[in-house]
Every structure is written in C-alpha cells, then in structure tokens.
Amino acid sequence: MDDLVLIHPPSVFDFRDRRQSRGPIAKVIPSTEQFEMYPLGLTSIAAYVARNGYRVRILNLGRRMVAEPAYDPAAALRRTAARVFGIDLHWLPHAHGALAVARLLRDLHPEARILLGGLSASYYHVELLRDPAVDFVLRGDSTEEPCRQLLRALRLGLPLDGVDNLTWRRIDGAIIANPLRHRPADIDAFELPAYRHMVRASLTPGRRADALPYEGWWRRPLTVLLGSRGCVLDCAVCGGSRSAYAAICGRAHPAYRSPERLVEDLRDIRAFSRSPVFVVHDPRMGGEDRTRRLFELLAREHPPNELVFELFWPAGPELFGLIQRSVPRWSLQLTLDSQDPEIRRRNGKFDAPNEAVEATLDAAFAHGCRTIDVFFTIGLPGQTCESALGIAAYAERLLERTPPGCRLRPFVAPIAPFLDPGSRAFEDPTLGYRSLARSVEAHAAALLEPDWGRTLTYETDAMTRAQLVEATYEVTERLNDLNLGHGLSSPATHATVARGIAAARRSGGPAATGADGPWMFAKDEMNWPGSDGIRPTPRLAWIVAAGLVDGAARSVARALGRYDRHVVAG
Ligand code: B12
C-alpha cells in the first residue's frame, strides 16, 4: 500500500456525461477545459516525501479521463490503496472535481485519510474541513515539509497540532488551523519542479499513464523554471499577487531560487527535452545582482533550448543585450492586458505609457528576440465594452509595426471562469467587481452551468456577463482575421475559429464550440517552433539509473524500519 497517492482531479468530475460549452476558458494552455495538467508542486511534494522513505505516487485522474473514454475513475480509485489520498485544489476551477473525488474516496476507502492542498484549498481551508469527506488541508505555497510531518505524525500516532500549516478536525469536531509556520525563505532545497521524479515516474511501466502531466507531454513537454514563490507585483486580478500570497501563504515577499539552482534545473530539463523552457515571472524580479548572475551563468551554459521570458514592466537594450549575450535562442511573453495605460495602472502590471511598451518591443526584436506573445485580457477593473473592443485596434497597430522577419502574436482571454480568490478584485469591492460566488460550493455549482457565460462568477461595474462574453467573441474574431492576414494562422484554423464563434453566438448554449475546437490559434500553432519533444541523453540515463539505485536503497531502509530521517536536499 502506498503511503500517499496524489490525485489530480478533472475540473468537473462527471464531465463525460455533460454537454457544456466552455468557450475560451482553456485556450491558451496545454490542457483542455478539464484543466488536466497537474500543479507542478505535486512533483516536488512527491520527490521530497519519497526521499524520506515514503511510498508515494501521482495519479493524474483528470488526464486519464480526458484521454481514455473507457477509463472508469471509480473502478480505478477502488483499486488504489493508500493511507493518505492527497487531492489538489490548487486552481479553483477544480472545485467540483476535487470535492467529488474526495467524497468518492471517502465511500470507497473509509479508513484512508483525505488531504487537500494548493492555493484555493489554502484560501478555503475552513469551509473544506466542514465537509466530512475532508480530513486535512495543508496550507501555503511550500507543503513538502509539512506533508512529511503529517505522514510521520500519522505513522507514529503523534499529535497533529505539531504539523506546520495543517488545518484538521479534532476528535470533538472542532476545526483547528495550526499556524502557517512553514514559509521557507530558501527554496533551493527542494526539487522545483521535480523533473527527475517526473521523468522517472513517466518511464516506469505501469505508472506512466498515471504520471503524465497532460496528454502529449512526452511529445511536447512544457517545462518551466520557477524563479520564485510569490510575486513582487500586486495585480488586482491575480490570486498569486503580493497581497494574495501574504493573506493565503503568509508570505509578504517572494522567496527566490538561486541562479545556480535554476541553471541546475535547466540541466535536468535539457536531459530530456529540446522544447522551449518558460521562465516564470520577470527575471528581473529579484533585483539587479540576481539578474546579472542569472545571465552570467546562462552565458556559460549556452542552453540549446529556446528560453521564453516574461516581462512585467518595460525593458530596454540593457536587459536585452544581457539576454542576447547569454541565450542563443530566446522569446518573450508579455501580459499587456490592455491598450489603455490607465487600466494597466489600475490593475498593476505594465504600468507605463504605450511609447514605453513599443520601445520595449522594438528593442527586443533589435536584440534577436524570436517571438513576442502579447496577451490581452477582458474583464479588467475599469474596462468598458468600448475599451475591451479597442484591444483589436491596438493589436493591429503592434502587428503593423513589427519588423519583417520578426514574429508578434496577439492573444486575448477573458478572466475566466472565475475571479481568483484572494486577489484584490475578489476581496475589495471598491475595485468594481460583483462576485456571484464566494464559497467553494458555489464555484463548484457554477462549473455545472451549460455554457461558459453562466459559469463566469463575476461582473464588473462596467460590463455584465453577457457583455464580457460578447466582447470576448468580438475581439477574438478580429484577432482571428488579423492572424490570418499576417500569416500567423492557417486558413483552416481561421475558418474553424470563425465557425465556432458564430455557433457559440447563435446558440449561447451548450456545446456550441465543441469541447476542443481551436480558438485564435490551433493548439498546434501555439506550440513554439522546436517543440519536438524528448531526446535521450547521457544525463537522462544517469537520472534514471540513480533513481533505480536510490529506490532500491530506500526499499531496503524501509524494510528495516529506517526511514523518515528528515532528508531535505536531494
Ligand atoms: C506557473 C503557473 C501556471 C502554469 C502551470 C504550471 C503547473 N502545471 O503548475 C500555467 C501557465 C500552465 C498555468 C495555467 C493556469 N493557471 Co496558473 N499560475 C502559475 C503561477 C504563475 C505560478 C505557480 C507556481 O509558482 N507554482 C509553484 C509550484 C512548485 O507550486 P504549486 O504547483 O503551486 O504547488 C505547491 C502548493 O500550491 C501546494 N499544493 C499544490 N497542490 C497540492 C496538493 C496537495 C494534496 C497538497 C498537500 C499541496 C498542494 O504545495 C505545492 C508544493 O509546495 C501562478 C501565479 C503565482 N504567482 O503564484 C498562477 C496561478 C496559480 N494560476 C492560476 C490560474 C487561474 C490558472 C488557470 C486556471 C488559468 C486558465 N484559465 O487557463 C490555468 C490552469 C492550468 C491547468 N491546470 O491546466 C491562478 C490560480 C487562482 C486560483 N486560486 O484558482 C494563479 C494564482 C494566478 C493566475 N491567475 O495566473 N499556471
């Protein structure tokens, strides 16, 4: 029996029995509308507790249900034996799936303990504990060590009040929230994400189908470098912002991964992937010294993978020169949100005039940047219909001024399906949002609505839900035309997107766009050139071999009762 099985649920547990039109809610990510990509943190938890001798595995139930129509989740869960089942409720769009899986497991395995975790579970820990299907929530952005503490306490029968960050139910029914003590400033000690663990698990016969992060991961592995936990910005609509992290994770400032450790992570990625690597958060976030050091190390590394950086504020020749000297192939992602600087200021990202935005784009291209993805958002504070529609004209301007041979791709997405709990937009009524769901249960119920307009759980003082939906269609249509006109998408994709939007508009009802119809770009066109997947390398062979040796040593130690000696680094 495993000590811990970490389960990633689909968004809606019985989605296969429903006809729902989810519109654009998952069109800019590798997942389908079931959000079947699991939080990468599951791998760092699994790697950490495994290193301490516990038997742990990941079961991506969502992916299996999406990919295999005959897969029976109830039968699979019945066969799965574990002392503790950990279910992620990281993204709130899993509210329905996570609770349904918890309740099913409670029925199937009444003796097992059920643990939830992730940002949304942390926010809603007390409500979740009121559900008899939930025994524990581990709060915060760093639950690797608290998870070990919990497994240890359960194994040895120790009191639960000693487990950091744990919310639990006392024998008399009282809900106890232990202090959020574990908020490590040093995040170098964890494998983050634990690619070695991921690769080993997805190469292990019998485990592979359960362990894949999403369909097609081996062909096109999306990999990221996670430079920090927490963010310096306080964007109104983000549940991972400075104030949201302070409230939910007790973290007032980001914790940074050292440039040395990030380069080590990159080596692990290179061991199996030649696909582009996404560097999450603006690389300048930790200050000038850290930025210089990172690029100094990258210059020595000379990574063959394309690196894709995010920018949160304007940049110029200084940063781009540094990147150009260090990274042979690089691109940018820029969440500009709106063409209106006043709306950007209110939200808190790219708070700068449009001249500064355009100078940034020019300088990036001048320094060899290959592609710039510009993301626009619908549903921002203070954004009217007119302003939302203005996105298309500005996208056109940016496309027109892109130098020949350079590639800029505009994207638009509504804030959907939910406002992030903990974000200023969710918490502060003066920002102009009316939220139509406050509890986990209300969000779970919203996920059962037949169309995405009715799943939206908010409107703003400038736009109703119907207007948010219509503005999304209109801007998407305009961008669809622009993309075709600028050679960014194929005529076939253009025609399918146009048909999908027209059908969605006409019916406003279920299944109008089809579960997986393309939106703006086909998922294939969104893939970066060079996304050609896996490559076996000596380092990969070494990672696999070291894993086998390690696993054998752990089994022996465990058989001798010698485990959990609080091993931190691997
Ligand atoms: C990187 C990232 C992504 C990556 C995903 C990478 C991945 N697979 O994890 C991409 C770009 C694909 C993405 C997509 C989405 N994201 Co995102 N993402 C982030 C970002 C920028 C950083 C997250 C991070 O640092 N993770 C670090 C890893 C190591 O930790 P972790 O995975 O969070 O896990 C730790 C804890 O959360 C916890 N934990 C997690 N699960 C579990 C389970 C158990 C049992 C336990 C005990 C603990 C636990 O312990 C882990 C280890 O300590 C945050 C913003 C921010 N600043 O935080 C938004 C954020 C998390 N995303 C968000 C959203 C809404 C989404 C989308 C739903 C958006 C959409 N509509 O498309 C999708 C969902 C994707 C899917 N499942 O298919 C919101 C979540 C708000 C909320 N509470 O619901 C955030 C806060 C902000 C935002 N709006 O972007 N995202």
Side-chain angles (χ1 to χ4, degrees), residues 4-11 22 24-49 58 60 62-63 84-95 98 102 114-124 136-147 150 165-166 182 184 187 190-194 213-214 217 222-233 235 237-242 244-245 248-249 251 254-255 257 278-281 285 310 333 335 377 413-423 425-426 443:
L4 175 66
V5 174
L6 293 164
I7 300 180
H8 179 60
S11 168
R22 312 315 294 269
I25 64 168
K27 295 302 182 194
V28 290
I29 51 168
S31 297
T32 69
E33 289 78 359
Q34 293 309 318
F35 297 111
E36 69 275 17
M37 181 182 195
Y38 58 65
L40 287 166
L42 291 192
T43 63
S44 46
I45 298 171
Y48 187 88
V49 299
I58 293 176
N60 189 345
R63 188 202 74 82
V84 179
F85 289 100
I87 305 166
D88 64 82
L89 179 52
H90 181 52
W91 295 287
L92 195 52
H94 292 94
I114 296 172
L115 161 70
L116 265 64
L119 270 182
S120 301
S122 303
Y123 183 88
Y124 284 115
F136 309 120
V137 172
L138 274 176
R139 284 142 38 225
D141 58 27
S142 303
T143 60
E144 294 84 356
E145 165 60 12
C147 208
L150 176 64
N165 305 14
L166 182 73
H182 189 73
I187 55 168
F190 315 106
E191 270 192 71
L192 182 69
Y214 56 88
W217 187 78
L222 177 141
T223 54
V224 300
L225 291 181
L226 288 168
S228 70
R229 280 180 167 168
C231 187
V232 289
L233 297 189
C235 301
V237 297
C238 181
S241 65
R242 194 175 66 230
Y245 257 61
I248 304 172
C249 306
R251 200 185 273 293
R257 203 152 166 84
F278 292 78
V279 182
V280 175
H281 292 129
M285 231 172 64
E310 271 189 280
Q333 290 197 322
T335 305
T377 306
I415 297 170
F418 301 147
L419 277 183
D420 290 1
S423 65
F426 192 79
H443 285 92

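In listed order, ligands and their atoms are each counted from 1.
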For E144, side-chain hydrogen bond (donor to acceptor under 3.5 Å, both in side chains) partners two or more places apart: S44, R229
Worked check of side-chain contact (heavy atoms from CB on, under 4.5 Å) between Q34 and S11: CA-CA 5 Å; Q34 293 309 318; S11 168; 3.5 Å; yes
For the pair I415 and T377, evaluate side-chain contact (heavy atoms from CB on, under 4.5 Å) and give the outcome as yes or no after the intermediate values. CA-CA 7 Å; I415 297 170; T377 306; 3.5 Å; yes
Test item: S120 and L89 side chains (from C-beta on) under 4.5 Å apart, heavy atoms: yes
CA sep, side-chain torsions, deciding dist, call: N60, Y214, side-chain contact (heavy atoms from CB on, under 4.5 Å): CA-CA 8 Å; N60 189 345; Y214 56 88; 5.6 Å; no
Take every heavy atom of Y38, measure it against each atom of ligand 1, and state whether any distance is under 4.0 Å. yes
Taking distance alone, with no angle check, do E36 and ligand 1 share an N/O pair under 3.5 Å? no
Short N/O distance, under 3.5 Å, between G86 and ligand 1? no
Is there a donor-acceptor pair under 3.5 Å between the side chain of S31 and the backbone N or O of M37? yes
With atom 12 (C) of ligand 1 as the reference point, say which of H8, M37, R22, H94 has the nearest heavy atom. M37
Any nitrogen or oxygen of S120, main chain or side chain, under 3.5 Å from a nitrogen or oxygen of ligand 1? yes
Considering the heavy atoms of G239, write down every atom of ligand 1 situated less than 4.0 Å from one of them. 86 (C)
Taking the inter-plane angle between the rings of F426 and Y123 on a 0 to 90° scale, is it parallel (under 30°), tilted (30 to 60°) or perpendicular (over 60°)? perpendicular
Heavy atoms, side chains only, cut-off 4.5 Å: are L119 and C249 in contact? yes
With a cutoff of 4.0 Å, is Y245 in contact with ligand 1, counting heavy atoms of the residue only? yes
Evaluate C235 against T335 for side-chain contact (heavy atoms from CB on, under 4.5 Å), listing each step before the verdict. CA-CA 11 Å; C235 301; T335 305; over 6 Å; no
Within reach of ligand 1, part of L226 (heavy-atom separation under 4.0 Å): side chain
With no hydrogens and no angle check, is any side-chain donor or acceptor of N165 less than 3.5 Å from a backbone partner on H182? yes
Should one rank L419, D420, V232 by closest heavy-atom distance to atom 85 (C) of ligand 1, which comes out on top? D420
Check whether any side-chain heavy atom of E310 sits under 4.5 Å from a side-chain heavy atom of V279, and report yes or no. no
Which atom pair, heavy atoms only, marks the closest approach of P417 to F35? CD-CZ, 4.5 Å
If the cut-off is 4.0 Å to any non-hydrogen atom of S31, which atoms of ligand 1 fall inside it? 76 (C), 78 (O)
Does R257 have any salt bridge (Lys or Arg N to Asp or Glu O under 4.0 Å) partners at least two apart in sequence or in another chain, and if so, which? D265
Side chain, backbone, both or neither: which part of L42 comes within less than 4.0 Å of ligand 1 when only heavy atoms are counted? side chain
Has ligand 1 got any nitrogen or oxygen that is less than 3.5 angstrom from a nitrogen or oxygen of W91? yes
Would you check the N or O atoms of H90, main chain and side chain alike, for any that come under 3.5 Å of an N or O of ligand 1? yes
Note: ligand 1 atoms sitting under 4.0 Å from heavy atoms of E144 are 52 (C), 53 (O)
Using a strict 4.0 Å cut-off to heavy atoms of H281, name the atoms of ligand 1 that fall inside it. 57 (N)
For the residue pair A255 and I187, what are the closest heavy atoms and their distance? O-CD1, 3.4 Å
Pick from A413, G117, A98: the one approaching atom 44 (C) of ligand 1 most closely through a non-hydrogen atom: G117
When the aromatic ring centroids of H94 and H8 are compared, is their separation below 6.0 Å? yes
Ligand 1 N/O within reach of I45 N/O, cut-off under 3.5 Å: no
Determine, considering heavy atoms only, which of G41, G140, P10, G62 sits nearest to atom 36 (C) of ligand 1. G140
Contact (N/O only, under 3.5 Å) between T143 and ligand 1: yes
Correct closest heavy-atom pair for L150 and L166 would be CD1-CD2, 4.0 Å
For ligand 1, which atoms have a heavy atom of I87 less than 4.0 angstrom away? 45 (C)
Part of A121 with heavy atoms under 4.0 Å of ligand 1, whether side chain, backbone, both or neither: neither
Any N or O of L192 that comes nearer than 3.5 Å to an N or O of ligand 1? no
Does some non-hydrogen atom of G422 fall short of 4.0 Å from ligand 1? no
Sub-4.0 Å atoms of ligand 1 with respect to non-hydrogen atoms of C238: 87 (C)
Numbered in order shown, the ligand 1 atoms found under 4.0 Å of a heavy atom of D88 are 41 (N), 42 (C), 43 (C)
Look at atom 86 (C) of ligand 1 and find which of N165, I187, D141, L119 reaches it with the closest heavy atom. L119
Ligand 1 N/O within reach of P39 N/O, cut-off under 3.5 Å: no
Counting from 1 in the order shown, the ligand 1 atoms closer than 4.0 Å to a non-hydrogen atom of S142 are 53 (O)
Regarding ligand 1, does L92 bring an N or O atom to under 3.5 Å of one of the ligand's N or O atoms? yes
Smallest separation among heavy atoms of L6 and L42, with atom names: CD1-O, 3.6 Å
The one among A416, G118, P213 that brings a heavy atom closest to atom 49 (C) of ligand 1: G118
Is the closest heavy atom of P193 to ligand 1 under 4.0 Å? no
Any donor-acceptor pair under 3.5 Å linking the side chain of R251 with the backbone of C231? no
